[in-house]
Amino acid sequence: MEITILETRDISIADILVLYKANEWSSASKPNELYNGLLNSETLITAWEEKKLVGLGNAISDGFLTVYYPHLLVLPEYQGKGIGKLILDKMQKKYSHFHMQMLTADEKSVEFYKKNGFERAGKTEPMWIYQGNEH
């Protein structure tokens, strides 16, 4: 299995929806908003096995001080193969010097992020106004 990591916006909405539906993320129910949101992110990193989209991550940033990583997904059958780490490493090449890198991790991904240097943000509590269920 050869995985190619790209910083590209040359990606179809159909490929994105396959990835999000396979991971049961509720944003797949808003395909146009999801697609436009990803394309308008400061950074969009994709992972490909030949022409098959197998993962992606995005970043929203002020460009200088703070970056937020809202999405990092890998097709379930490709999870545990280091693809998420490749995507995160590509983000770190760009943002590791920022004062604050933020994300929200759910149960399944907490250990992954801890292994990659993230930690609970002091005594903070995640808060949101959210129109989905879990993702």
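One is the number of the first residue; the rest follow in order along the sequence. None of the values given here were measured: they were computed from a predicted structure.
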Smallest separation among heavy atoms of [X] and [Y], with atom names:
X	Y	result
A28	L17	O-CD2, 3.7 Å
D62	F98	OD1-CE2, 4.2 Å
N23	L19	ND2-O, 3.0 Å
I87	A47	CD1-CB, 4.1 Å

Checking [X] side chain against [Y] main chain: does a donor-acceptor pair fall under 3.5 Å?
X	Y	answer
D106	S109	yes
S41	L44	no
T46	L56	no
N36	N32	yes

Next item on the list: Step through the shown structure and confirm whether more than 12 heavy atoms of other residues, nucleotides or ligands are within 6.0 Å of CD on E107.
Entry: no
Checklist line | E33 atom CD, over 12 foreign heavy atoms within 6.0 Å | finding: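 It does: E33 CD has more than 12 such atoms within range.
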Determine whether [X] and [Y] fall in the same hydrophobic cluster, where Ile, Leu, Val, Met, Phe, Trp and Tyr are linked whenever their side-chain heavy atoms lie under 4.5 Å apart.
X	Y	answer
V110	L73	no
V67	M100	no
I60	Y113	no
L65	Y68	no
F118	V74	yes

So, taking the atom named [atom1] in [X] and the one named [atom2] in [Y], what distance separates them when rounded to the nearest 0.5 Å?
X	Y	atom1	atom2	answer
S27	K21	OG	NZ	11.0 Å
L88	I45	CG	CD1	10.5 Å
M91	L72	CE	CG	7.5 Å
L39	I11	CG	CD1	7.5 Å
L86	K81	CG	NZ	13.0 Å
W25	H71	CH2	NE2	5.0 Å

Is the shortest heavy-atom distance from the side chain of [X] to the side chain of [Y] under 4.5 Å?
X	Y	result
E119	K114	no
L53	W48	yes
P70	L103	no

Item checked: Candidates Q101, E42, K90 - the one meeting side-chain hydrogen bond (donor to acceptor under 3.5 Å, both in side chains) with Y95 -> E42
Next item on the list: Verify whether one side chain among N116 and E111 offers a donor that lies under 3.5 Å from an acceptor in the other.
Entry: no
Margin query: Between K52 and Y78, does the side-chain contact (heavy atoms from CB on, under 4.5 Å) criterion hold? Intermediate values first, please.
Written below: CA-CA 11 Å; K52 181 179 184 178; Y78 287 81; 3.6 Å; yes
Next item on the list: Please assess K93 against E7 for the test salt bridge (charged side-chain N to carboxylate O under 4.0 Å, His left out), listing each intermediate value before the final yes or no.
Entry: CA-CA 12 Å; K93 284 182 184 176; E7 185 171 345; over 6 Å; no
Margin query: Run the side-chain contact (heavy atoms from CB on, under 4.5 Å) test on F64 and H99 for me, step by step, so that the C-alpha distance in whole Å, both residues' side-chain angles and the decisive distance to 0.1 Å come before the verdict.
Written below: CA-CA 8 Å; F64 298 94; H99 180 71; over 6 Å; no
Notebook entry, point to check: Can we say K85 and D89 salt-bridge, meaning some charged N sits less than 4.0 Å from an Asp/Glu carboxylate O?
Noted result: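 Salt bridge: yes.
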Checklist line | Test side-chain contact (heavy atoms from CB on, under 4.5 Å) applied to L34 and Y20, step by step | finding: CA-CA 10 Å; L34 173 60; Y20 278 74; 3.7 Å; yes
Note to self: Determine whether Y69 and N58 satisfy the following criterion, side-chain contact (heavy atoms from CB on, under 4.5 Å), listing intermediate values before the conclusion.
What the structure shows: CA-CA 6 Å; Y69 305 115; N58 71 322; over 6 Å; no
